[in-house]
Amino acid sequence: MTLKIYNSLTRKKEDFKPVEKGKIKMYVCGMTVYSDAHIGHARTYFAFDIIRRYFEYKGFKVTYVQNITDVDDKIIAAANREGVDPLEYSKKFTTKCLDDLDHLGIRRADLYPKASETIDDMIKLTEEIIKKGYGYESDGDVYFSVEKFTEYGKLSGQKLDDLMSGVRIDPEDKKHNPFDFALWKSSKPGEPSWASPWGRGRPGWHIECSAMSSKFLGLPFDIHGGGMDLRFPHHENEIAQAEAATGKEFARYWIHIGLLTINGEKMSKSIGNIVNVKDLLSRWEPEVVRFFFAQAHYRSPPDFSEKALENSKKGLDRIYRIKEKLEECIAKKEKSSEDANKEFDEAISEFKSSFESAMDDDFNTPQAVSSIFDFVNTGNRFFEKVKNPNSNICKKAHDTFIKLGNILTLFQDEKKDYGKIHDDILKQLRKFASSYTTDVEGKTIEDVIDLLLEAREEARNKKDWNTADSIRNNLDRLGFEIQDTAEGPVWRKKMI
RNA sequence: GGGCGGAUAACAAAGGGGCUAUGUGGCGGACUGCAGAUCCGCAUACGAGGGUUCAAAUCCCUCUCCGCCCUCCA
C-alpha cells in the first residue's frame with residue numbers, strides 16, 4: 001500500500017514519494033519558549049510524533065528537526081518584566097517545555113536548533129535575499145518584498161491583490177507593502193542583539209525557520225509542518241524567503257495540525273482557558289491524553305473536555321483488558337489446536353492490514369483506533385468461546401498489539417504502574433484495610449489487596465454482603481477493579 | 001471583505017454512490033449473591049431544499065449555520 005498524505009500546498013491527498021529513497025527529512029515549527037507547554041503544543045507535537053513513528057514503521061530513516069524560538073518579542077517582554085536576561089529566560093523555558101512534552105510521552109525530535117544559535121545563517125540568508133532583489137533595507141530594518149516573489153500566496157491559496165483589499169496603509173510604515181515582513185529588525189536598548197551588515201539587531205521570526213530547515217535538512221526536504229495557525233503568514237513567508245534566496249524548491253509536503261478547542265472554545269489567553277501540560281498530567285495519565293489525541297484526525301480540531309478524557313480513559317481500559325488476557329494466555333503455554341485458534345490467527349492479520357491501511361490514508365488514526373476496537377471485540381469473543389487458547393497465537397496477537405500500538409505510543413506498559421499517586425493510594429488503602437484485617441503497615445499494595453480479598457471472601461462465605469460489597473466498592477474507588485470469577489476473585493488496576 | 005475547512009445518532013468521531021464504522025452512554029437478555037468485566041440482541045444518523053442516478057449521507061447546484069486564518073498563537 002502506498003502512503004497518501006494530504007498536502008496543504010496542493011490541497012489534495014497525494015501519494016507520498018520521498019526526495020531521497022528510504023529517507024524522510026521533516027521539519028516542524030517548534031515552540032516559542034516563554035511559558036509552560038500547553039495542551040495545544042502537546043496535540044501538535046504528538047501528531048507529528050505519530051507521523052514520524054509511522055514513517056519509521058514503514059522502514060524510512062527519519063530525520064526530524066524542530067526549532068526552538070528563543071529570540072522573540074514576547075520572550076523579551078516577559079524577561080524584562082521579571083528583570084532577567086531574555087536568553088537566560090528562554091533557556092529556562094526551553095528545558096521546562098521539553099520536559100513537559102517528555103512527561104506526556106512525546107518522543108523528542110532528533111535536533112532542536114535554537115534561533116539564538118543560528119543567527120549567522122539567518123544573516124547569510126537575508127544577504128542572499130537582498131542580493132537577489134527580494135529584500136530591502138529600510139532604516140536599520142530589512143524587509144522581504146512580497147510583490148517581487150510572484151508565487152507569494154501559493155500555500156494559503158491567497159492572491160496578493162485579494163490580501164491588499166481592505167488593508168489600511170500606514171504612511172509611517174517603513175515597509176513598501178503592508179504584507180512585507182521583517183527579515184531583520186534593528187534592536188532597541190535592553191534587547192538581545194547581534195552585529196549585522198545593517199547594524200545591531202535581531203532576526204525576524206520567519207527567517208529562522210527558512211534558515212534552520214535548509215541548514216539542517218538541505219533543500220528540498222520532505223515534510224514541513226506545524227499548527228494550522230502557522231499556515232499564513234508564517235509558512236507562506238518561509239517559502240518565499242527560502243525559494244527566493246536559493247532558487248530551489250523548499251518543502252515537498254506541508255502538513256498542518258487542526259487547532260484544539262476547549263469545551264468548544266478557542267484556547268486563548270484572553271478567554272483564560274489555556275490548559276498547561278503540567279496541570280493536565282496532575283489529573284490524567286499521559287496515555288489517556290495521548291489516546292484522546294489519537295481518536296481525532298490530525299487535521300480536525302479536537303475539542304478538549306474532562307468528559308472527552310473520561311471517555312478516552314474508559315476506552316483505553318477496555319483495550320488494556322484484552323491485552324492482559326493475552327498475557328495470561330501466553331503465560332499458560334497452552335498448545336491446543338481448536339479451530340477457533342485458527343480463526344483468531346486470521347483476525348490478527350486482518351487487524352494488521354486494516355490498521356495499516358487506515359494509517360496509509362493520511363495517517364487516519366481514528367480509523368486505526370477503530371480497527372483496534374474491532375480486534376478487541378474479536379479477541380473477547382475468542383476468549384469467550386475457546387476453552388484452551390493457544391499461547392503461540394496469543395503471543396502473535398500480543399506482539400501485533402505492541403508493534404502497532406507503538407506507532408500511536410499506546411499499550412506499551414508491561415504492567416500498569418501506580419504513578420505518582422502510589423503513596424497516597426497505599427495510604428488510603430491501608431487506612432480502610434485496617435478495619436477489616438490486621439498488620440497492614442509496611443505491606444505492599446498487592447499484599448494489602450490480597451488481605452482485603454481474603455476478608456471479603458470470608459464475608460461472602462457468611463453471606464455478609466454488606467461487608468463484601470463495601471470492600472469491593474472501596475477498592476474500586478481507589479482504582480482497583482474486583483471481579484468474582486469461577487476461579488475466585490481477581491483484581492486489576494484500572495486506568496486513572 | 002478575502003482565503004481555508006466544517007455540519008454524521010444522546011455525546012465524541014471516521015467514512016464518502018449500493019456493504020453493521022468505532023468508542024462512551026441508553027434499553028433488553030445471558031453470567032453473578034449483587035455487581036463488574038465479557039458475550040448476545042435492540043434503538044437513535046448523515047444541516048435544509050433542489051438535481052444527476054436503477055441507487056445519494058457520499059456527486060452537482062442553491063441556501064443556512066459554525067470554526068480557523070488574514071494580529072510574531074502549535
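All heavy atoms count here, side chains included; hydrogens, waters and symmetry mates do not. Order of the sequence lines fixes the chain letters, A, B, ..., with proteins taken first and strands second; residue numbering starts at 1 for each chain.
Counting only distance, with no hydrogens or angles, the side chain of A:Glu208 and the backbone of A:Thr118 share no donor-acceptor pair below 3.5 Å. Under a 3.5 Å cut-off, the side chain of A:Tyr253 and the backbone N or O of A:Gly225 do not form any donor-acceptor pair.
If you check B:G67 for Watson-Crick or wobble pairing at under 3.5 angstrom, you find it paired to B:C4. Base pairing of B:A12 is made with B:U22, judged by Watson-Crick or G-U wobble geometry with both donor-acceptor distances under 3.5 Å.
For a distance-only test at 3.5 Å, the side chain of A:Arg456 qualifies as a donor-acceptor partner of the base of B:G33. Counting distance only, with no hydrogens placed and no angle test, the side-chain atoms of A:Asp374 and the base atoms of B:G23 include no donor-acceptor pair under 3.5 Å. Between the side chain of A:Asp162 and the base of B:C70, no donor-acceptor pair of N or O atoms lies under 3.5 Å. Side-chain atoms of A:Arg472 come within donor-acceptor range of the base of B:C34, with a qualifying N/O pair under 3.5 Å. Residue A:Gln158 places no side-chain atom within donor-acceptor reach of the base of B:G3, judged by atom type and a 3.5 Å distance cut-off alone. Side-chain N/O atoms of A:Arg43 and base N/O atoms of B:A74 include no donor-acceptor pair closer than 3.5 Å. Interface remark: the A:Gln367 side chain does not form any donor-acceptor pair with the B:G15 base, using a distance-only criterion of under 3.5 Å.
For the pair A:Phe232 and B:G3, the ring geometry does not qualify as stacking, because the centroid separation below 5.5 Å and plane angle under 30° are not jointly satisfied.
In this structure, A:Arg492 does not reach the B:G36 phosphate: none of its side-chain N or O atoms is under 4.0 Å from OP1 or OP2. Distances shorter than 4.0 Å separate none of the side-chain N or O atoms of A:Ser305 from OP1 or OP2 on B:A12. The side chain of A:Asn473 places no N or O atom within less than 4.0 Å of a non-bridging phosphate oxygen (OP1 or OP2) of B:G36. Residue A:Arg318 has a polar side-chain atom (N or O) positioned under 4.0 Å from OP1 or OP2 of B:U24. Close to B:C34, at under 4.0 Å from its OP1 or OP2, lies no side-chain N or O of A:Arg460.
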In sequence, state the C-alpha distance, the side-chain angles, and the governing distance for A:Val146 and A:Leu163, and then conclude on side chain to side chain contact (heavy atoms under 4.5 Å, CB included).
CA-CA 11 Å; A:Val146 291; A:Leu163 285 167; over 6 Å; no
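In this structure, A:Glu310 and A:Tyr298 both approach RNA chain B, and ranking their closest nucleotides by distance from the 5' end singles out A:Tyr298. Of the residues near RNA chain B, A:Tyr6 and A:Tyr45, the one whose nearest nucleotide (by heavy atom distance) lies more toward the 5' end is A:Tyr6.
Taking 4.0 Å as the cut-off between side-chain N and carboxylate O, A:Lys352 and A:Asp374 do not count as a salt-bridged pair.
As a whole-Å value, the separation of A:Leu453 CG from B:G36 P is 18 Å.
One side chain, A:Lys325 or A:Asn380, offers a donor N or O that lies under 3.5 Å from an acceptor on the other.
Within the 4.0 angstrom heavy-atom criterion, only backbone atoms of the sugar-phosphate kind lie near A:Ser300; the bases stay farther away.
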